[in-house]
2 protein chains.
Amino acid sequence: MKETKWTDAEKKAARRAFEAAFRKECDFISTKLKEMISNALEPADLWRIHDYLSDRREEIDGKYDYRYLVLIAVFGRLLREGWLSDADLKGLSEDKIERIKHIGSL
Amino acid sequence: MKETKWTDAEKKAARRAFEAAFRKECDFISTKLKEMISNALEPADLWRIHDYLSDRREEIDGKYDYRYLVLIAVFGRLLREGWLSDADLKGLSEDKIERIKHIGSL
């Protein structure tokens, strides 16, 4: 993989975008969790909630990888999944945005 | 371990007590979960909730063992932890109740 250069300003923008996506996804999980718990009637519902959280945790642990080597691909996935919008990419070079959008469209 | 005989009536009473304790503990977890989620502010709070549920699930999976061979000990523990009350033991022989209470007091 060709090394991508990140300027200090881009690193700052990238960190902001990364954290915004992370918070957005965690807020979504939190809302979903509230909904699940308010609908929980049976003991088995508790374990369904636990399974849901286990899956989300594993997914998030794997997905939010802030290494510059993989960040373009990470952002592409976050864009595709809707945790990032085009506006969140502001501050990155045109070239990077293009590559992120390309991955996001796959 | 000396084998304990259970009459059909006792088995029915035991099953009722077992299920009542299970439901009571699950209701407690459910209430605690609602409290935790309503106080959750940070993404890390989600993983604290997940940890809590993982611990409870493991504990409950190990604890609620409805084999007649171990049921006296299981009931003793449930009594000690407050998931069973003396009234829930109604229908069991005096001998069994005594042994359950003894284990419950350990």
Side-chain angles (χ1 to χ4, degrees), chain A residues 12-67 70-71 74-75 77-85 88, chain B residues 12-67 70-71 74-75 77-85 88:
Chain A
K12 214 168 158 181
R15 176 58 78 179
R16 197 171 48 232
F18 186 88
E19 284 174 3
F22 181 66
R23 178 160 284 278
K24 193 171 178 182
E25 185 160 4
C26 288
D27 285 349
F28 175 87
I29 295 170
S30 184
T31 301
K32 174 79 178 166
L33 203 58
K34 281 177 189 159
E35 188 188 308
M36 288 176 91
I37 186 69
S38 73
N39 291 328
L41 295 171
E42 295 300 317
D45 293 332
L46 289 177
W47 309 147
R48 264 190 286 277
I49 292 171
H50 180 249
D51 288 340
Y52 172 74
L53 274 179
S54 298
D55 291 347
R56 294 291 74 71
R57 190 174 194 167
E58 192 180 335
E59 187 187 333
I60 280 194
D61 279 351
K63 181 158 59 177
Y64 286 87
D65 183 349
Y66 194 86
R67 286 175 299 149
V70 294
L71 204 50
V74 169
F75 279 173
R77 179 177 176 184
L78 294 174
L79 195 66
R80 183 170 60 239
E81 294 179 352
W83 307 117
L84 277 184
S85 66
D88 294 317
Chain B
K12 215 169 159 181
R15 177 57 78 177
R16 198 170 47 232
F18 186 87
E19 283 174 4
F22 180 66
R23 179 161 283 279
K24 192 171 177 183
E25 184 159 7
C26 287
D27 285 350
F28 175 86
I29 295 170
S30 184
T31 302
K32 174 80 177 165
L33 203 57
K34 281 177 190 162
E35 188 188 308
M36 288 177 91
I37 186 69
S38 72
N39 291 329
L41 295 171
E42 295 300 317
D45 293 331
L46 289 177
W47 309 147
R48 265 191 285 278
I49 292 171
H50 180 248
D51 288 341
Y52 172 75
L53 273 180
S54 298
D55 291 347
R56 294 292 73 70
R57 190 173 195 169
E58 192 181 335
E59 187 186 332
I60 281 194
D61 278 352
K63 182 158 59 177
Y64 286 88
D65 183 350
Y66 193 86
R67 286 176 299 148
V70 295
L71 204 50
V74 169
F75 280 173
R77 179 176 176 185
L78 294 174
L79 195 66
R80 182 170 62 239
E81 293 179 353
W83 308 116
L84 278 184
S85 67
D88 294 316

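Atom set for the values below is all heavy atoms of this structure, side chains included, hydrogens, waters and symmetry mates excluded. Below, chain A is the first sequence line, B the second, and so on; all start at residue 1.
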Hey, what do you get for [atom1] ([X]) to [atom2] ([Y]), rounding to the nearest 0.5 Å?
X	Y	atom1	atom2	result
A:H50	B:E58	NE2	CD	9.5 Å
B:L33	A:M36	CG	CE	10.0 Å
A:W47	B:C26	CH2	SG	5.5 Å
B:S30	A:I37	OG	CD1	4.0 Å

### Message
With side chain to side chain contact (heavy atoms under 4.5 Å, CB included) as the criterion, how do B:Y52 and A:L53 come out once you've worked through the C-alpha distance, each side chain's angles and the decisive distance to 0.1 Å?
### Response
CA-CA 11 Å; B:Y52 172 75; A:L53 274 179; over 6 Å; no
### Message
Apply side chain to side chain contact (heavy atoms under 4.5 Å, CB included) to residues B:D51 and A:R57 and explain how you reach the verdict.
### Response
CA-CA 11 Å; B:D51 288 341; A:R57 190 174 194 167; 2.8 Å; yes
### Task
Take atom CZ of A:F28 as the centre, draw a 6.0 Å sphere, and report whether it contains more than 12 heavy atoms from other residues, nucleotides or ligands.
no
